[in-house]
4 protein chains.
Amino acid sequence: MSIASEVDDVITRVRREVAALHAELPRNELVVWTAGNVSARVPGRDLLVIKPSGVSYDELTPETMVVCDLQGRLVEGERSPSSDTAAHAYVYAQMPEVGGVVHTHSTYATAWASRGEAVPCVLTMMADEFGGEIPVGPFALIGDDSIGQGIVETLRRYRSRAVLMQNHGPFTVGATAKAAVKAAVLCEEVARTVHIARQLGEPLPIPQDDVDRLYDRYQNAYGQR
Amino acid sequence: MSIASEVDDVITRVRREVAALHAELPRNELVVWTAGNVSARVPGRDLLVIKPSGVSYDELTPETMVVCDLQGRLVEGERSPSSDTAAHAYVYAQMPEVGGVVHTHSTYATAWASRGEAVPCVLTMMADEFGGEIPVGPFALIGDDSIGQGIVETLRRYRSRAVLMQNHGPFTVGATAKAAVKAAVLCEEVARTVHIARQLGEPLPIPQDDVDRLYDRYQNAYGQR
Amino acid sequence: MSIASEVDDVITRVRREVAALHAELPRNELVVWTAGNVSARVPGRDLLVIKPSGVSYDELTPETMVVCDLQGRLVEGERSPSSDTAAHAYVYAQMPEVGGVVHTHSTYATAWASRGEAVPCVLTMMADEFGGEIPVGPFALIGDDSIGQGIVETLRRYRSRAVLMQNHGPFTVGATAKAAVKAAVLCEEVARTVHIARQLGEPLPIPQDDVDRLYDRYQNAYGQR
Amino acid sequence: MSIASEVDDVITRVRREVAALHAELPRNELVVWTAGNVSARVPGRDLLVIKPSGVSYDELTPETMVVCDLQGRLVEGERSPSSDTAAHAYVYAQMPEVGGVVHTHSTYATAWASRGEAVPCVLTMMADEFGGEIPVGPFALIGDDSIGQGIVETLRRYRSRAVLMQNHGPFTVGATAKAAVKAAVLCEEVARTVHIARQLGEPLPIPQDDVDRLYDRYQNAYGQR
């Protein structure tokens, strides 16, 4: 098989994966209408696959996904890429360990984001997945690298794979697109649970030592080996 | 083809569109029982297509939709039109740019409406879609043009395509019926997110300049061209 | 056809109707597990049809429904009747205009009930359906006529077809079982909306004259004639 | 039939039951992603059947379930057991009357757990099912018997079949795995209802005598005999 057709095969596989993962966003009630997107890095290439702009989740097929370079420019596909493509591309360009990025406006995470308030780590599930608080990133306008820069600078200072962009909503990253989707689902769930806890009082803190132990164990021993 | 049968074709198409869009109301959890309706203007004619009164969403087919004139009088169809038809008709008569109208009692939007309080613009998603706050319209009784007048007078003073009628619920408009449904979905989502944000403190304001930039960009550059 | 087989036909039809209406309870998120029930009066007979006790909604068929007399005693059916049968039976015995009764522990209505607080009429949708506030009935133990008496005494003093039994949950009535289900759905929806409204301030009252006008119009002009 | 094949039959039946009951967790909105598990004791044997670790609910079949002994060690199955297996195993070893255990991070129960606060018994549904408040167990790290011990010590001091492990989430037990799932569903429902009730004031207490009467009646007379 030629090199060109091997690359085609990889892109076809990533298109399929990204299209399928978009179904998790409405299923987990993270999005309304078209307001959320998943992307994946194409392994071994400076390319990403992402949702087209303003297209409903029902219409998403592997073929409608678009391929962009790491400057966010359209490389392959008939539609305009998501208006959030520049932010995704910036993350892939700056963080080589990231294989997937998800952006939503999930309700509770966005509520914390609109107050510019980090979600404190008061649940064992949060310690497991995020290793501490979920931090807030700066307010930034769409249109240039500001959002991407805000995401990367914030994620570098925390263990968390989720960041709440102020007045905007959460971005999550992962080694794979599926891991980034999992982080988006758990980000909303813990944002919701801690919100509800705080409505009737203050949650009890978890000592930092215990947060460290839970995070270490979950990252290394959980799931199937 | 005769002019009469061309008009029939257009009406058939609009009936189909309006029937299909009603399915979005329960799907997006904007309505319970029969408490919400979608209408569309018949292009090039002083007519609208709307849901019949008190019929469940499961029973809605293109054939059960009814056609009314812009005074809200039944022109075609076997059932009584929605009891909100007068309000829809008044909007079409006064706002020629409107092609679709949606009315619901979606929970969070109605909660703001019952306090007579506008939803402040503290989310980029709100700046994108509504260009500022979602305003409150006057308390008005059903039965004459009061509701329609309250909607039109309020919408004329704001960029927002949604208005919260006091103690009643939201009405949204759009260039098409689908755009009005999208506005209804996003109206509830931002009403909910800002409500939740305010339960634990004050959301951070977005400077007016930035609201303007976001609105301008979203109205002109978002989606597929 | 003999009189006996005509009665059989009527009971068969009511069994079918009551079984089908139970599906509306989980669909409208009014119940978890087996915690809710619908009954209907058998027209022209001192009998009612109701759900068997502790059976899941998935297993409900017309055949599993049970028939009881207006003292709540089992007349026909292989299973024990719902443990709430005595309350339903008492309502039918005392209120001849009632053709259907529904009991749930729907979350927001039950929350108001646990504080012993009526839901104030601050929504046009409430004025339409309930004609005023949704009142609270007394705390009463299961096992005799106490619950039934509490329901009947409270409903007689209000227009509302819903009553919130203290620390327990809502009961609703209607001319038909379907109307009682509709009242249960709207009772939860307005309990939820007014709860949410009050979380951030006081809803604006609707003047009593306007409540009266809305109620009168909705009861007489809404829906298909 | 040989004894060995009879044991095989029993294990096959329990695998099937446990796999099917896992579907109730997402259906009742008790879990996101893979964050919850059901187990059942194998009757007459010191064995339990439980979910494998980190596997999605869609992929759960009777064959993927794993069998462990009452020290939590894998006995049969190709995958690693749930990381919560030690806690389940400890409960079976210490409480011979328990036939099923469920663990979730259901939102409202976990919110109470994060504040270290018991859910007070202010609903007849709570008195029926739990016979009083739902208590809080100690904060405990995963990895040894601490969680199991915390569950057992707390459950022994209360009628409740549910315990809220501090900063972690609820564990429920039952005579059967189905009864433990029912307790998990009702635990979340009453945690949610009492939370909502308390957002706008204090729920009215139910006198202890009445709690006792309700509990006694429900445990002995409810459902089909």
Side-chain angles (χ1 to χ4, degrees), chain C residues 26 29-36 52-59 64 66 77-84 103-117 119-120 136 138-144 146-147 164-169 191-192 194-200 202, chain D residues 20-21 23-24 27-30 106-108 119-129 174 178-207 209-225:
Chain C
E29 302 186 6
L30 303 185
V31 292
V32 297
W33 213 250
T34 64
S53 180
V55 174
S56 101
Y57 295 104
D58 294 346
E59 299 170 59
T64 53
V66 297
E78 286 168 27
R79 305 188 185 223
S80 311
S82 163
S83 58
D84 298 304
H103 172 46
T104 77
H105 299 82
S106 65
T107 309
Y108 285 84
T110 302
W112 289 91
S114 79
R115 291 194 311 270
E117 210 175 324
V119 185
V136 173
F139 179 78
L141 285 187
I142 201 164
D144 58 19
S146 311
I147 294 178
L164 310 176
M165 293 301 284
Q166 187 189 308
N167 296 107
H168 186 171
R192 183 170 170 240
V194 179
H195 175 93
I196 289 168
R198 279 192 44 195
Q199 287 186 311
L200 297 181
E202 271 310 307
Chain D
L21 284 169
E24 295 291 330
R27 185 188 181 189
N28 288 282
E29 303 186 5
L30 302 184
S106 65
T107 309
Y108 285 84
V119 185
C121 184
V122 295
L123 305 171
T124 56
M125 185 199 255
M126 268 191 90
D128 286 349
E129 174 73 17
K178 187 175 179 185
V181 171
K182 179 187 177 186
V185 170
L186 293 184
C187 174
E188 178 64 7
E189 181 62 17
V190 301
R192 182 168 172 244
T193 305
V194 180
H195 175 93
I196 288 167
R198 279 193 42 197
Q199 289 186 311
L200 296 181
E202 271 309 306
L204 301 168
I206 302 179
D209 271 15
D210 289 334
V211 171
D212 294 347
R213 271 185 217 112
L214 286 163
Y215 182 67
D216 181 61
R217 194 194 147 283
Y218 191 78
Q219 299 304 319
N220 296 308
Y222 182 78
Q224 303 298 325
R225 253 131 306 176

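Letters A, B, ... mirror the listed sequences (proteins, then strands); counts begin at 1.
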Closest non-hydrogen atom pair between [X] and [Y], with its separation:
X: C/S114; Y: D/A197; value: OG-CB, 3.2 Å
X: C/E117; Y: D/L200; value: OE1-O, 4.4 Å
X: C/S83; Y: D/R217; value: CB-NH2, 3.1 Å
X: C/A35; Y: D/M125; value: CB-CE, 3.7 Å

Applying side chain to side chain contact (heavy atoms under 4.5 Å, CB included), run through D/T124 and C/F139 and close with a yes or a no. CA-CA 10 Å; D/T124 56; C/F139 179 78; 4.0 Å; yes
Please evaluate residues D/E129 and C/W33 with respect to the criterion side chain to side chain contact (heavy atoms under 4.5 Å, CB included), reporting the C-alpha separation (whole Å), side-chain torsions for both, the decisive distance (0.1 Å), and the verdict. CA-CA 12 Å; D/E129 174 73 17; C/W33 213 250; over 6 Å; no
Rounded at 0.5 Å granularity, tell me how far CG in D/D210 sits from CG in C/L141. 4.5 Å
Under the rule for side-chain hydrogen bond (donor to acceptor under 3.5 Å, both in side chains), what residues qualify as partners of C/D58, not counting sequence neighbours? D/R27
Tabulate below the donor-acceptor pairs under 3.5 Å that side-chain atoms of residues 185-196 of chain D make, not counting sequence neighbours, or state none.
from   : atom 1 : to     : atom 2 : distance (Å)
D/E188 : OE1    : D/S106 : OG     : 2.6
D/E188 : OE1    : D/Y108 : N      : 3.3
D/E188 : OE1    : D/A109 : N      : 3.0
D/E188 : OE2    : D/T107 : N      : 3.4
D/E188 : OE2    : D/Y108 : N      : 2.8
D/E189 : OE2    : C/T107 : OG1    : 2.9
D/R192 : NH1    : C/T107 : OG1    : 3.0
D/T193 : OG1    : D/E189 : O      : 2.8
D/H195 : NE2    : A/Q199 : OE1    : 2.8
D/H195 : NE2    : D/Q199 : NE2    : 3.4

Is the backbone N or O of D/I206 less than 3.5 Å from a side-chain atom of C/N167, with the two atoms forming a donor-acceptor pair by type?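 Pair absent, no side-chain N/O of C/N167 close to backbone of D/I206.
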